[in-house]
Amino acid sequence: MLWGFKLEFKQSLRSKKLIGTLLIILFLYVPFLYFLKEEPGTYMSTREIMATMSNFVTGIAIFFVGMLAMIMGATAINSEVEKGTLRVAMSKPVSRLAYIGGKMLAHVTILFIALLVSVGVAIGGMALIGIDLTAGFVWDMVLLNVLLLIGITGLLFLGYLLSAFIKSPINALVLALVLFFIIWKIAPAVVEYEAFTHAASYKDYQGHVLQEYKTKYLFFDPSSQIEVMLSNMTERTCFAITKRIEPNGEERVLEKKEVPNCSGVWGSSGYPGVGQVSYTCSCQDVYAGVGHSLRFHLVNLVLMIGTIIAYAGFAIFRFLRMDLR
């Protein structure tokens, strides 16, 4: 496997795959950092910045980097068969399994290095424009890009699967592009429509119904799965507050305790007089982090990893039985 990894990694460096992937990801961060510069960190909360980051990851990052990964995979095997380089590689003392395993690992490593550099650039850029970077915030950025890497790896191995079954690189490339747009745009639109028609109300649609439909029917779409996994980055905290009006007109808090839930704010009608006690209850959404959200959606993470294993397994199985002529 190590021989196949070294061979593919060197070929990727010569063909500028790593540099191209790096440039695309870094270019995608430019508008994001520009947006943060226009909206200084003092006016944007951590929740707002991470919400922007999650939209970035599930939007243009998946589109551009995911499409690139799928194209890389769709031409990974058949192009070498067509050129005859695969037969030369197989003449070496290396098994087919070790070769294809090393090749896949090399492509995943390229994506990993590109995302690792992009995280560094994003953190450095945010620090330069004055955003307060805490350890928790940096960790959330790392987790966000790990999810992106898992999703992109699934698309890469789906491309490998196409490459193992379709001999013509051009045909595999065209089919990969068509399939990518179905996965990224058409299938989610259909599922969202079905979820909307079956939801009892718009509130249910925006809540659990849409998430359930995406989990059940879009398990193959990394963008939809990441959206679900990032849907609980905030935690609702509610407090019941008991106040009394002092003779000097000031309000004195007698008790403030956390309660499980609270519908809006309630209290006495009008302004209470001196000595009267008012009871209020209010809720607010507090940023809890990417890790907090992931704990509620481990099924979606398992689905993403499961599709990677399935795509890779079928691609390897097919490659082991391919006619390399």
Side-chain angles (χ1 to χ4, degrees), residues 21 24-25 28-29 32 50-74 76 104-105 107-116 118-119 122 140-163 175-192 194-195 210-233 290-291 293-315:
T21 307
I24 289 175
I25 295 179
L28 293 177
Y29 269 101
F32 173 71
M50 288 307 299
T52 307
M53 280 283 289
S54 64
N55 290 333
F56 167 78
V57 167
T58 58
I60 59 176
I62 282 285
F63 176 77
F64 285 103
V65 186
M67 183 165 54
L68 175 64
M70 199 161 177
I71 290 173
M72 285 171 55
M104 287 178 163
L105 182 60
H107 278 151
V108 174
T109 303
I110 289 171
L111 296 173
F112 172 75
I113 293 173
L115 290 174
L116 188 64
S118 71
V119 170
D140 279 351
M141 289 187 63
V142 172
L143 283 179
L144 202 57
N145 280 272
V146 168
L147 293 179
L148 179 58
L149 177 63
I150 294 173
I152 291 173
T153 300
L155 295 173
L156 171 70
F157 289 167
L158 177 57
Y160 263 90
L161 185 60
L162 295 177
S163 185
L175 183 57
L177 291 174
V178 172
L179 195 56
F180 177 81
F181 278 100
I182 291 174
I183 292 173
W184 183 72
K185 202 68 178 176
I186 299 175
V190 173
V191 171
E192 287 174 11
E194 287 297 317
L210 183 58
Q211 289 187 11
E212 289 175 0
Y213 269 67
K214 284 184 176 181
T215 301
K216 288 180 182 178
Y217 305 114
L218 293 175
F219 59 89
F220 51 84
D221 176 23
S223 180
S224 296
Q225 297 307 310
I226 294 175
E227 282 181 5
V228 174
M229 285 187 281
L230 298 178
S231 61
N232 291 93
M233 288 194 295
V290 177
S293 185
L294 278 176
R295 287 197 291 269
F296 292 94
H297 305 287
L298 292 177
V299 171
N300 301 86
L301 182 61
V302 171
L303 286 174
M304 285 180 63
I305 296 174
T307 56
I308 290 176
I309 296 173
Y311 292 152
F314 282 119

Going by atom type alone, with no hydrogens or angles, which donor-acceptor pairs under 3.5 Å involve a side-chain atom of residues 149-157 and a protein atom two or more places apart or on another chain?
residue: Thr153; atom: OG1; partner: Leu149; partner atom: O; Å: 2.7

Acceptor/donor pairs from residues 59-73 side chains to any protein atom, 3.5 angstrom cut, sequence neighbours excluded:
none

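Below 30°, between 30° and 60°, or above 60°: for Phe181 and Trp184 the angle between ring planes is above 60°, a perpendicular geometry.
Atom CG of Leu158 and atom CD1 of Ile308 lie 11.5 Å apart (nearest 0.5 Å). Put simply, OG on Ser223 and CG on Leu148 are 10.0 Å apart, with the number rounded to the nearest 0.5 Å. Rounding to the nearest 0.5 angstrom, the gap separating the CZ atom in Phe220 from the CG atom in Leu179 is 9.0 Å. Atom CZ of Phe296 is separated from atom CE of Met233 by 13.0 Å, given to the nearest 0.5 angstrom. For the atom pair Lys185 NZ and Asp221 CG, the distance stands at 11.0 Å (nearest 0.5 Å).
A pairwise comparison of heavy atoms in Asn232 and Ser293 identifies N-OG, 2.9 Å as the closest pair. Taking all atoms of both residues into account, the shortest heavy-atom contact from Leu161 to Ala315 is CD1-N, 3.6 Å. For the pair Gly291 and Asp140, the tightest heavy-atom approach, listed with the atom from each and the gap, is N-OD1, 4.1 Å.
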- Apply the test side chain to side chain contact (heavy atoms under 4.5 Å, CB included) to residues Leu294 and Leu147: give CA-CA distance (whole Å), side-chain angles for both, the deciding distance (0.1 Å), then the verdict. CA-CA 10 Å; Leu294 278 176; Leu147 293 179; 4.1 Å; yes
- Item | Evaluation steps, side chain to side chain contact (heavy atoms under 4.5 Å, CB included), between Met304 and Ile226 | CA-CA 9 Å; Met304 285 180 63; Ile226 294 175; 4.1 Å; yes
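Evaluation of the side-chain contact (heavy atoms from CB on, under 4.5 Å) rule for Leu210 yields Glu192, Ala195, Tyr205, Lys214 as partners, not counting sequence neighbours. Partners of Phe112 according to the ring pair (Phe, Tyr, Trp, His ring centres under 6.0 Å) rule, which considers only residues two or more places apart in sequence or in another chain, do not exist here. Partners of Glu194 under the side-chain contact (heavy atoms from CB on, under 4.5 Å) rule, at least two apart in sequence or in another chain, are Thr197, His198, Tyr213. Partners of Phe314 under the ring pair (Phe, Tyr, Trp, His ring centres under 6.0 Å) rule, at least two apart in sequence or in another chain, do not exist in this structure.
Within the structure, side chain to side chain donor-acceptor pair (under 3.5 Å) contacts touching residues 299-308 (residues at least two apart or in different chains) are Thr215-Asn300, Gln225-Asn300.
Although no hydrogens or angles enter the test, the distance criterion places a donor-acceptor pair under 3.5 Å between the side chain of Ser231 and the main chain of Val228.
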